2 protein chains.
Amino acid sequence: MGSVSDVFKALVDPTRRKILDELSEKDGQSLFEICARLAMKYQLASSRQAISQHLDVLEAAGLVETRREGRYKFHFINTAPLEPIVDRWLRRIPKEPE
Amino acid sequence: MGSVSDVFKALVDPTRRKILDELSEKDGQSLFEICARLAMKYQLASSRQAISQHLDVLEAAGLVETRREGRYKFHFINTAPLEPIVDRWLRRIPKEPE
DNA sequence: TTGACATGCAAGCCGCCACTTGCCTATCGT
DNA sequence: ACGATAGGCAAGTGGCGGCTTGCATGTCAA
């Protein structure tokens, strides 16, 4: 889970990048919290379902991990999949066929 | 030229990532050289026009720079636009609204 | 100059992605 | 139990991106 392609696909959408920004600022938010804060900060009136699908993509890429508690589902950022990305061309790592 | 969005859009395509790999290994190749080497290494039989359009996208993102010499056009990788990308979430840089 | 080589331009097709819409399940407070 | 809250599932739609196709331009060798 979380191939190189998945990570890039997750990062190509500007809304998903803002979600990562948001989780980077305040980790462990619920879906509704993220919706509210995105609407406040960026005048981004994305629907709940849209954000939910974005979170699914981020989770599939391994960039977001979740923990269920009762009726809440909290989302946590995981930057681990980002490490090999820039290493690929900046530092000269052997070659990592995807 | 070369906004944050442009860089991510350029990186989302696996063929464009392989082009960057190729230029990272041997900088300053022409279009036909790139086509030939991609076909050899990855059995990627992409057409010349397809690769040309990919190079346009990479150039628009600032990831590739070109120099014309006669009927040849040489392509050079430029990793500068990659630097702020992972810095955005890995190291904690102030906030860089795109 | 003539032909081959290296690249550029533009229109069209097709598949994927983000978003909506509608309904459903599950959990908490009272 | 009941309503409200938090979230999930799935089909349908519109737009954009990658690729093809066909032709045009420019450059070099003989």
Side-chain angles (χ1 to χ4, degrees), chain A residues 2-23 26 28-40 42-61 63-76 98, chain B residues 2-20 22-23 26 28-39 42-61 63-76 98:
Chain A
S3 72
V4 184
S5 253
D6 290 334
V7 177
F8 281 108
K9 280 180 191 169
L11 291 177
V12 79
D13 187 276
T15 301
R16 285 196 284 269
R17 295 199 294 272
K18 283 170 189 163
I19 291 177
L20 286 185
D21 288 337
E22 194 49 48
L23 289 180
K26 180 170 188 289
Q29 298 187 55
S30 74
L31 172 57
F32 270 81
E33 246 181 300
I34 296 174
C35 288
R37 292 174 70 112
L38 284 181
M40 305 275 278
Y42 307 100
Q43 282 75 11
L44 245 221
S46 298
S47 75
R48 174 185 63 86
Q49 291 85 344
I51 302 292
S52 175
Q53 288 170 1
H54 282 312
L55 286 170
D56 289 341
V57 175
L58 288 168
E59 191 172 5
L63 290 165
V64 160
E65 295 176 346
T66 62
R67 189 175 61 222
R68 187 111 206 195
E69 280 182 26
R71 56 176 165 178
Y72 299 101
K73 187 176 182 184
F74 299 108
H75 302 79
F76 301 87
E98 39 179 317
Chain B
S3 71
V4 184
S5 253
D6 291 335
V7 177
F8 281 108
K9 281 179 190 170
L11 291 177
V12 80
D13 187 276
T15 302
R16 285 196 285 269
R17 294 199 294 273
K18 282 170 190 163
I19 291 177
L20 286 185
E22 196 47 49
L23 289 179
K26 179 170 188 290
Q29 299 187 55
S30 74
L31 173 57
F32 269 84
E33 246 181 300
I34 297 174
C35 288
R37 293 174 69 111
L38 284 182
Y42 307 101
Q43 284 75 9
L44 244 221
S46 298
S47 76
R48 175 185 63 85
Q49 291 86 344
I51 301 293
S52 175
Q53 289 169 0
H54 282 312
L55 286 169
D56 288 341
V57 175
L58 287 169
E59 191 172 6
L63 289 166
V64 160
E65 295 176 346
T66 62
R67 190 175 60 220
R68 187 107 205 195
E69 279 182 26
R71 56 177 164 176
Y72 299 101
K73 187 177 181 185
F74 300 107
H75 302 79
F76 301 87
E98 38 179 316

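Chain identifiers are assigned alphabetically (A, B, ...) following the order of the sequence lines, protein sequences preceding nucleic acid strands; residue numbering begins at 1 within each chain. This structure is a prediction, so every number in the text was calculated from the model and none was measured.
Distance CD1/Ile51(A) to CD1/Ile19(A): 4.5 Å, rounded to 0.5 Å. How far CD of Glu59(B) is from OG of Ser52(B): 10.0 Å, rounded to the nearest 0.5 Å. Rounding to the nearest 0.5 Å gives a distance of 9.0 Å between OG1 of Thr66(A) and CG of Asp56(A). To the nearest 0.5 Å, atoms NZ (Lys9(A)) and CG (Asp13(B)) are separated by 10.0 Å.
In summary, of the residues considered (Thr15(B), Val64(B), Leu38(B)), a side-chain contact (heavy atoms from CB on, under 4.5 Å) with His54(B) occurs for Thr15(B) alone. No option in Lys73(A), Arg48(A), Lys26(A) other than Lys26(A) meets the salt bridge (Lys or Arg N to Asp or Glu O under 4.0 Å) test with Glu33(A).
Put simply, Ser47(B) has a side-chain N or O that comes within less than 4.0 Å of OP1 or OP2 on dT20(D).
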Restricting both atoms to N or O, compile the protein contacts to nucleotides 4-8 of chain D shorter than 3.5 Å, with distance only.
unit_1 : atom_1 : unit_2   : atom_2 : d
dT5(D) : O2     : Arg71(A) : NH1    : 3.3
dA6(D) : O3'    : Arg71(A) : O      : 3.3
dG7(D) : OP1    : Leu31(A) : N      : 3.2
dG7(D) : OP1    : Lys73(A) : N      : 3.4
dG7(D) : OP2    : Phe32(A) : N      : 3.1
dG7(D) : N7     : Arg48(A) : NH1    : 3.1
dG8(D) : OP1    : Lys73(A) : NZ     : 3.0
dG8(D) : N7     : Arg48(A) : NH1    : 3.2
dG8(D) : O6     : Arg48(A) : NH2    : 2.8

Tabulated below should be each protein N or O lying under 3.5 Å from an N or O of nucleotides 15-18 of chain D; please produce it.
unit_1  : atom_1 : unit_2   : atom_2 : d
dG18(D) : OP1    : Arg16(B) : NH1    : 3.4
dG18(D) : OP1    : Arg16(B) : NH2    : 2.4

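Between the side chain of Arg16(B) and the backbone N or O of Leu11(B), no donor-acceptor pair lies under 3.5 Å.
With sequence neighbours excluded, the residues that form a side chain to side chain contact (heavy atoms under 4.5 Å, CB included) with Phe74(B) are Ser30(B), Glu69(B), Tyr72(B), Phe76(B).
Rounding to whole angstrom units, CD of residue Gln29(B) and P of dT7(C) are separated by 11 Å.
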